[in-house]
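Working notes, beginning with the structure itself.
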Amino acid sequence: MKAGHDTDMITVEQRWRARDLAVLWHPCTQMREHTSGGALPLLTVARAEGAWLVGHDGRHVLDAISSWWTNLHGHAEPRIAHAIARQAQTLEQVILAGCSHAPAVELAERLLAIIPREPGRAPLAKVFYADNGSSGVEVALKMAYHWFHNRGDRNRTRFVALTGSYHGETLGALSVGDIPLYRRVYAPLLLEVLFAPSPDAFGAPDEATASERAHAAADALERLLTEHPGEVCAFILEPLVQCAGGMRMHHPAYLRRVRELCDTHGVFLIADEIAVGFGRTGTLFACEQAPAADCSGPGIQPDLLCLSKGLTGGFLPLCAVLATQAIYDGFLDDSRERAFLHSHSYSGNPLACAAALASLDIFESDGVIVRNRATATRMAELAAPLASHPLVREVRQAGMILAIELNPASDNREDGHAVEIARRRGLRMYRAALDHGVLLRPLGDVLYWMPPYCVDHAQLALLANATAVALDEAARCA
Ligand SMILES: *Cc1c(COP(=O)(O)O)cnc(C)c1O
């Protein structure tokens, strides 16, 4: 009886896979990997709860990557689900040009109240909504350029970004990114961006070395800005962790230096906290961890701050770009052309704003940031034994992000064969973890844990076990 039941359920999974592959083209995927012989099976998810993804056959898989870093408090979190349902019965969507609604206003008020503030600096004062992270990056870049344009300064047409950075996939966002896999093909279409060296602390033996790297990178940024006087309108970075670039982490001293350099050179500082915001690095926002100029206060304050991914707790797409009053004022005029005309059909969608408000409530009522400290400590304890695995080069952590970087699959990284070995190794680790009940998605040579904040100790133990298995599997492939 039971065997027959299982067979039926397997058929349900297989049927969904076949229907999917007949009609869907998946994001960030070489579809061949799902269709050719020995292929990677698509994970068909019937429902999800907390940190679990549940298949049609009832099999539970741990979502160790928070569904592309979006989920914070767990899947189907009832308080967020209720907030959306309530909002859907009241006001599901309305055009945000010329109209207003309470969720958009309340969310803007709440965000402006919780973001970092530097003493002596005018605070971020205005919220502009977009509906995904890449669009939010486009908004910030266009605002920075247009602000100078409105002042009659037509020479500040360039952006500075960091090597190893990632800011999204639309052409503007891709232009300020530096991951060859995503960028190379489109290079002829992209903006000419200036790249400054990343302050990446990879391999640094201690904090002093990481700090030295931060200062060396800041010195290089200073030289770059000095070599291009009056040409740059904005500098964009992911504070503390370059996530898609391989969870590379840097010393917070870099953020303070960058704040000062942007001020000195009259360049806007854009903080892309799309991935690191909302508690990922241990504080609500990564910018809070920068040492303050006078050793007080809550870190640095950017001129433009992009928030998305975790903004709605992982329920709905939404992006908020926060700007200073001075930037906003630069667009106030009788002329429409001087206005910021950028828009998206679903800008400030009420359902997404309601979800974001419910997520912020959970941060307060559940003491999430404090609770995460204990979770992060447990993650560190469980990952410690993995550091001595022969394949592991480095284990590093920033709050709820833990990365395990492997020795390169081959010494010659640009060699096509080496790239192929790395790809196959990644697929094998992915598959091995999945077979052991965990969704891990290696970024090249980097395995990382970025679980929903509700993850418990038993789930973390499962995660550590699946990671160990994946590492052994990778070792077999070298
Ligand atoms: C994911 C991401 C983006 C792009 O957001 P999308 O919603 O995927 O377009 C931009 N910047 C960073 C740092 C990201 O991690």
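Here the structure is a predicted model, which is why all the values come from computation and not from measurement. Both counts, for ligands and for their atoms, begin at 1 and track the order of listing.
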Can you list, pair by pair, the side-chain donor-acceptor contacts under 3.5 Å of residues 314-328, counting residues two or more places apart and other chains?
| from | atom 1 | to | atom 2 | distance (Å) |
| --- | --- | --- | --- | --- |
| Thr324 | OG1 | Ile327 | N | 3.2 |
| Gln325 | OE1 | Lys126 | NZ | 3.2 |
| Gln325 | NE2 | Asp329 | OD1 | 3.0 |

Let me check something: any side-chain donor-acceptor pairs from residues 276-285 under 3.5 Å, sequence neighbours excluded? List them with distances.
| from | atom 1 | to | atom 2 | distance (Å) |
| --- | --- | --- | --- | --- |
| Arg280 | NH1 | Pro451 | O | 2.8 |
| Arg280 | NH2 | Ser66 | OG | 2.9 |
| Arg280 | NH2 | Asn71 | O | 3.2 |
| Arg280 | NH2 | Pro451 | O | 3.3 |
| Thr281 | OG1 | Gln289 | NE2 | 3.1 |
| Thr283 | OG1 | Phe285 | O | 2.8 |
| Thr283 | OG1 | Gln289 | NE2 | 2.9 |

Report all protein residues having a heavy-atom distance below 4.0 Å to some atom of ligand 1; order the list by chain, then number.
Trp69, Asn132, Gly133, Ser134, Tyr166, His167, Gly168, Glu238, Asp272, Ile274, Ala275, Lys309
Taking the six-membered ring for Trp, is the centroid-to-centroid distance between His73 and Phe363 below 6.0 Å?
yes
Would you call Glu33 and Arg431 a salt bridge, using N to O less than 4.0 angstrom?
no
Any salt bridge between Asp263 and Arg259, counting N to O under 4.0 Å?
yes
By side-chain hydrogen bond (donor to acceptor under 3.5 Å, both in side chains) - contacts of Trp449 (at least two apart)
Thr467
